[in-house]
Amino acid sequence: MQPLLIYNTLTHQKELFKPLTADHVGMYVCGPTVYGDGHLGHARPAITFDILFRYLQHIGYKVRYVRNITDVGHLEHDADDGEDKIAKKARIEQLEPMEVAQYYTNRYHVAMDRLNVLRPSIEPHASGHILEQIELVQALLDKGFAYESNGSVYFDVRKYHEATKKYGILSGRVMDEMLSTTRELDGQSEKRETQDFALWKKASPEHIMRWNSPWSVGFPGWHTECTAMGTKYLGETFDIHGGGMDLMFPHHESEIAQQTALTGHGPCRYWMHNNMITINGQKMGKSLGNFITLDEFFTGSHALLAQAYSPMTIRFFILQAHYRSTVDFSNEALQAAEKGYYRLMQAYKTLKNLAASKSSSIAVNDYMQKCYDAMNDDMNTPIVISHLFEMAKVINTVNDKKATLTQDDIDAMKVVFDTFVFGVMGLKDESSVDNSALIDGLMSMVLEMRATAKANKDWATSDKIRDALSALGVTVKDGKDGAVWEIR
RNA sequence: GGUCGUUUGGCCGAGUGGCUAGGCUCAGGUCUGCAAAACCUGCUACUCCGGUUCGAAUCCGGAAGCGACCUCCA
């Protein structure tokens, strides 16, 4: 088993990964809220943890990867009334809420498939786990870390923090100070403290998504779904919890609080957070209105895009930066990624047809181990890619007959490409997809050249073209109005 | 105001106390009927100010810029 170091947000350092159960890994990643199309920001965590998922499996772990679909209970930050995002959108569009959720879930899946993001082992829906969430809320009430107020239930942050001194351990928030300086809430609020968060919300009359509970007809709070579903499918403690950095507070901090209040310990051992994608230096996000959807990238249909960018270009672009760094979007950077990706794919094709020699004139370093080393160092995909480019240079040099490689060395390089480019990093060659339009174009061009030859009575050339096409399985039929062709 | 993070060459983006990251762009060259590709060469950086050190972009302290989250509201 490879010694994998991963950066743990909880301890602020890289730690050697050791699973709770030998050879098995339980991993939970916060998935999308399905109330809109996925944008580039959604691709980052999906791809980041897809790499981790692939790599853990590659080095021999059996992985259960849980990534949820948030289809209820994610409250809108800028909403006046705490209305559920799904419900709001649904009412505007006059659709059943679940219809909206399903629609965007389907579209999310298509986009992820195109990005070659593997489906997780379990993809639980929050709406399918209302009972588990109610049980969670009840357990917190029983433990005394939550209180009911007017049909809603809130987590008692002050009580929790005084008992454990742990609210803020992930995000670095200084709770002692926040709690002592908090001013009194006015009588209108249901909450005792401003930082208390909702576990269960009583539904307002116009709120469409609602479920029965011991406290009111309502819906679960923002943070309960991940705790409930993570516990259900991965246990009281699991190995890795991932998500975007923007979820660190309050979402993940609150997950820790909920689990710690119940069990005395947090939900997982390693917290991993991917950084944001920025556009002109600003976070790309739904709420900021500056996002570009994945479909828009694939088709180039957005004012900021100079051209369309293929799914693999997007994937490569994201992998060229370390997952904990911010990445700024720009056409220039994307075009550079596109060219670099093409160069890598070309090198692989060249490698497959490379002629072997009796000896290698250049030392083929241990690229395999170098790539493992880079991956083991907190998933340093940029370094993996740099090694692959070095290999590309070697391949091209040999192809130019300026160096030689033995068959063993060539085979070894193929294994590295297969393992890291296509396996671990999940890239794939896009060039061979649907080229019927290309064939049509090529055929009309070839037949036009043949027509020119015929017009010049250059029968040798025109026959040579017809025979060559025939050998490829293409029949040319000369008619009055020119030639037509068909593939036998 | 708080917390976390970040500041590298024309652009993107890694990184270790001393030794070439890599990609893209640009210029010159090899090759080539032309072009493209490939290869070679060049341009060459580490926000600022102090400190530690024989030596720091890399460690420590300070400042500034930038970003995310929070501080208001569920």
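Residue numbers begin at 1 in each chain, while the letters A, B, ... track the order of the sequences. Remember, it's a predicted structure, so these values are computed and weren't measured experimentally.
For A:Tyr154 and A:Tyr342, each mapped to the nucleotide of RNA chain B holding its nearest heavy atom, the one lying further toward the 5' end belongs to A:Tyr342. Between A:Thr278 and A:Gln335, the one whose closest nucleotide on RNA chain B sits nearer the 5' end is A:Gln335.
A cation-pi arrangement is present between A:Arg192 and A:Tyr147 under the rule of less than 6.0 angstrom and at most 45 degrees off the ring axis. Taking the ring centre of A:Phe49 as origin, the terminal cationic atom of A:Arg67 falls outside the region bounded by 6.0 Å and 45° from the ring axis. For the pair A:Arg324 and A:Tyr7, the cation-pi test (distance below 6.0 Å, angle within 45°) is passed. A:Arg173 forms a cation-pi arrangement with A:Phe249, by the criterion of a distance under 6.0 Å to the ring centre and an angle within 45° of the ring axis.
When the C1' atom is used for both B:U32 and B:C24, the distance is 25 Å, rounded to whole Å. Here, B:U8 and B:A45 have their P atoms 14 Å apart, quoted to the whole Å. The P atoms of B:G62 and B:G5 are separated by 15 Å, rounded to the nearest whole Å. Rounded to whole Å, the C1' atom of B:C31 lies 47 Å from the corresponding atom of B:C66. With both ends at atom C1', the span from B:U47 to B:U30 equals 41 Å, rounded to whole Å. For the P atoms, the distance from B:C59 to B:U6 is 11 Å, rounded to whole Å. For the C1' atom pair drawn from B:G17 and B:U58, the interatomic distance equals 6 Å after rounding to whole Å. Here, B:G33 and B:A21 have their P atoms 37 Å apart, quoted to the whole Å.
B:A14 atom P lies 12 Å from atom OH of A:Tyr323, rounded to whole Å. What separates CG of A:Asn396 from P of B:C31 is a distance of 19 Å, to the nearest Å. We find that CZ of A:Arg192 is positioned 16 Å from P of B:A74, with the value rounded to whole Å. Atom-to-atom, CZ of A:Phe316 to P of B:C12 comes out at 17 Å; the value is rounded to the nearest Å. Nucleotide B:A68 holds its C1' atom 20 Å from the CZ atom of A:Phe329, rounded to whole Å. Taking atom CG on A:Leu199 and atom P on B:A74, their separation rounds to 15 Å, with Å as the unit. Whole-Å rounding puts the A:Gln195 CD to B:A74 C1' distance at 14 Å. As a whole-Å value, the separation of A:His322 NE2 from B:C12 P is 19 Å.
Here B:C39 is the nucleotide among B:A21, B:A14, B:C39 with the atom lying nearest to any side-chain atom of A:Lys402. Among the nucleotides B:A74, B:A38, B:A21, the one closest to the side chain of A:Ser386 is B:A21. When the nucleotides B:A14, B:C72, B:G23 are ranked by their closest atom to the side chain of A:Thr194, B:C72 comes out on top. Side-chain proximity of A:Lys191 to B:A14, B:G22, B:A74: nearest is B:A74. Closest contact between the side chain of A:Ile383 and the listed nucleotides B:A14, B:G22, B:C39 involves B:A14.
In terms of phosphate contacts, A:Lys393 brings a side-chain nitrogen or oxygen within less than 4.0 Å of OP1 or OP2 of B:C40. Between A:Ser325 and the phosphate of B:A14, there is a side-chain N or O to OP1/OP2 separation shorter than 4.0 Å.
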> For RNA chain B, what dot-bracket results from Watson-Crick or G-U pairs at under 3.5 Å, with [ ] for crossers and | for inter-strand partners?
Replying inline: (((((((..(((.....[...))).(((((.......)))))....(((((..]....))))))))))))....
Find every protein N or O atom lying less than 3.5 Å from an N or O atom of nucleotides 4-11 of chain B, and list the pairs.
{"from": "B:C11", "atom 1": "O2'", "to": "A:Glu332", "atom 2": "OE1", "distance (Å)": "3.4"}

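Using a 4.0 Å heavy-atom cutoff across all strands shown, A:Asp328 reaches sugar-phosphate atoms only and no base atom.
Formation of a donor-acceptor pair under 3.5 Å by the A:Ser152 side chain with backbone atoms of A:Lys201 is not found in this model.
The ring pair (Phe, Tyr, Trp, His ring centres under 6.0 Å) test with A:Tyr348 is passed by exactly one of A:Tyr341, A:Phe420, A:Phe422: A:Phe422.
Salt bridge present: A:Arg54 and A:Asp50 bring a charged side-chain N and a carboxylate O closer than 4.0 Å.
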> How far apart are the C-alpha atoms of A:His161 and A:Tyr167, what are their side-chain angles, what is the distance that settles it, and do they pass the ring pair (Phe, Tyr, Trp, His ring centres under 6.0 Å) test?
Replying inline: CA-CA 5 Å; A:His161 187 66; A:Tyr167 200 75; 7.2 Å; no
> Should A:His302 and A:Tyr309 be marked as a ring pair (Phe, Tyr, Trp, His ring centres under 6.0 Å) after you check the CA-CA gap, both sets of side-chain angles, and the distance that decides it?
Replying inline: CA-CA 11 Å; A:His302 189 285; A:Tyr309 298 100; over 10 Å; no
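Between the side chains of A:Asp71 and A:Ser127, a donor-acceptor pair is found at a separation under 3.5 Å. No side-chain donor-acceptor contact under 3.5 Å links A:His39 and A:Thr293.
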